[in-house]
Amino acid sequence: MGGNSPCASCKLLRRRCAKDCVFAPYFPPDDPHKFAIVHKVFGASNVSKMLQELPVQQRADAVSSLVYEANARVRDPVYGCVGAISYLQNQVSQLQMQLAVAQAEILCIQMQQGPVMPTQQIDEDNHDKSYFLHDNGLIPKFINFDSSSSTVIPDSFKRESIFRHDMVS
Amino acid sequence: MISGRCAACKYLRRRCPSDCIFSPYFPPNDHQRFACVHRIYGASNVGKMLQQIPSHDLRAKAADTLYFEAKYRIQDPVYGCVGMITQLHQQIHSAESELAKIRAQIAFLNSNDHAQESQVQNIETKLHPDSNILILPEQINAAGLWSTYVPTSASSTQTSWF
């Protein structure tokens, strides 16, 4: 990459783009905004350290997530990504309530109708599935963050493929 | 007013001025908080970000969210808190699918219930005027559930149902 044109980072930092430039594979020269926003929030030096601490095969995903966070922080300087997390957790809570209501309703119907055919029963395998990771403490609830005051949830937070390739196995 | 240096100025080994941008949000009793934030963002960037926010309350929230994101980035250097966003999207998708499935089951059970009720209501029997023969309506024939007519005389015991 550094052979012909410097990568976006080296262009912005006004330095020679070495052949082994850590940024070059992830910040092509045709997208200067991508590095600019990451540099603004995290700083080039910090990004470089973070990338160098990672195996090469994980760096692309790391850059994608850093760009995502940086964009979120620039859009919402107070809440950043946490605003989106709070919004999504509220959605999860609402769905949890709706599921509980629907499950209660189906139980009522089944009780009224008496014994049912096997095909009509609720899929018992899904009963114990925990859809909400906060129940086991992995995702803390940010209900104290008043994301309604300043956060306009952009469509990109609502549902998108953040990464081009699968990141969660 | 916190006496002494704030956690940021202690970490950076500098004098803590009276108008230090960090001191309200990085108290000296929580060194880890500033250490996390400094490691990911750098003190200079954090200072600039806080300066751009006009009010003290919002700066406090910003400091909290920066700390949260920094902490998750340290725990998960590849995805940081974006991993959490992806998991939440997956949870929402799964829950929506499950909800749609359950609602479809409810609709199915309700429609079955109504269909059986309406069939029960349509079974009206009447006696032939000249005999005690029961004549069943054609709807029941069409449903294939009952025979055409069922003699009700005491001598008749056979009925054919299909």
Side-chain angles (χ1 to χ4, degrees), chain A residues 40-43 45-46 50 53-54 58-59 61-62 64-66 68-69 72-73 77-85 88-89 91-92 95-96 98-99 102-103 105-106 109-110 112-113 116 120 122-123 126 129 131-133 138-140 142 145-146 149-150 157-160 162-163 167-168, chain B residues 38-46 48-50 52-55 57-70 72-74 76-106 108-110 112-113 116:
Chain A
K40 180 174 179 176
V41 174
F42 296 99
S45 166
N46 290 329
M50 283 192 254
E53 285 169 4
L54 289 172
Q58 291 182 326
R59 290 179 186 178
D61 277 350
S64 295
S65 68
L66 287 168
Y68 190 94
E69 278 190 42
R73 184 58 63 175
V78 178
Y79 295 102
C81 269
V82 176
I85 291 170
L88 292 170
Q89 283 182 329
Q91 270 199 305
V92 164
L95 280 168
Q96 188 178 24
Q98 289 174 28
L99 264 173
Q103 283 167 346
E105 191 176 339
I106 209 169
I109 293 172
Q110 288 181 332
Q112 284 168 7
Q113 291 184 352
V116 296
Q120 291 175 346
I122 300 170
D123 182 1
N126 287 333
K129 269 189 188 169
Y131 296 111
F132 312 106
L133 290 184
L138 286 179
I139 301 181
F142 274 85
F145 280 105
D146 180 15
S149 61
S150 66
F157 285 164
K158 288 179 182 170
R159 185 170 297 185
E160 67 170 315
I162 300 168
F163 304 95
M167 66 175 233
V168 178
Chain B
H38 176 58
R39 180 173 162 182
I40 299 301
Y41 298 101
S44 169
N45 287 333
V46 174
K48 280 186 217 164
M49 284 191 261
L50 291 177
Q52 287 169 0
I53 297 168
S55 86
D57 288 343
L58 290 179
R59 282 182 187 175
K61 287 185 182 171
D64 286 342
T65 60
L66 285 167
Y67 172 50
F68 174 81
E69 289 186 29
Y72 274 86
R73 179 60 61 175
I74 291 168
D76 184 351
V78 181
Y79 301 112
C81 68
V82 176
M84 202 179 297
I85 290 176
T86 304
Q87 285 179 333
L88 286 167
H89 279 309
Q90 288 171 347
Q91 286 178 10
I92 287 169
H93 179 70
S94 297
E96 283 174 343
S97 301
E98 184 64 18
L99 189 61
K101 210 165 52 169
I102 291 178
R103 284 180 173 163
Q105 284 181 327
I106 289 171
F108 172 76
L109 290 173
N110 280 336
N112 261 4
D113 197 28
Q116 286 173 11

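Letters go in sequence order (proteins before strands), and every chain restarts at 1.
- Heavy atoms of B:L50 lying under 4.5 Å from chain A are absent altogether.
- For B:I106, the parts lying near chain A are the backbone and the side chain together; criterion is any non-hydrogen pair under 4.5 Å.
- Contact check on A:E69 versus B:R73 returns a salt bridge, with a Lys/Arg side-chain nitrogen under 4.0 Å from an Asp/Glu carboxylate oxygen.
- In this structure the side chain of A:Q91 never reaches within 4.5 angstrom of the side chain of B:H89, judged on heavy atoms.
- Looking at A:R73, only its side chain comes within 4.5 Å of chain B, counting heavy atoms on both sides.
- In this structure, A:C81 and B:I85 have side chains that are in contact, with non-hydrogen atoms separated by less than 4.5 Å.
- The closest side-chain heavy-atom distance from B:K48 to B:S44 is below 4.5 Å.
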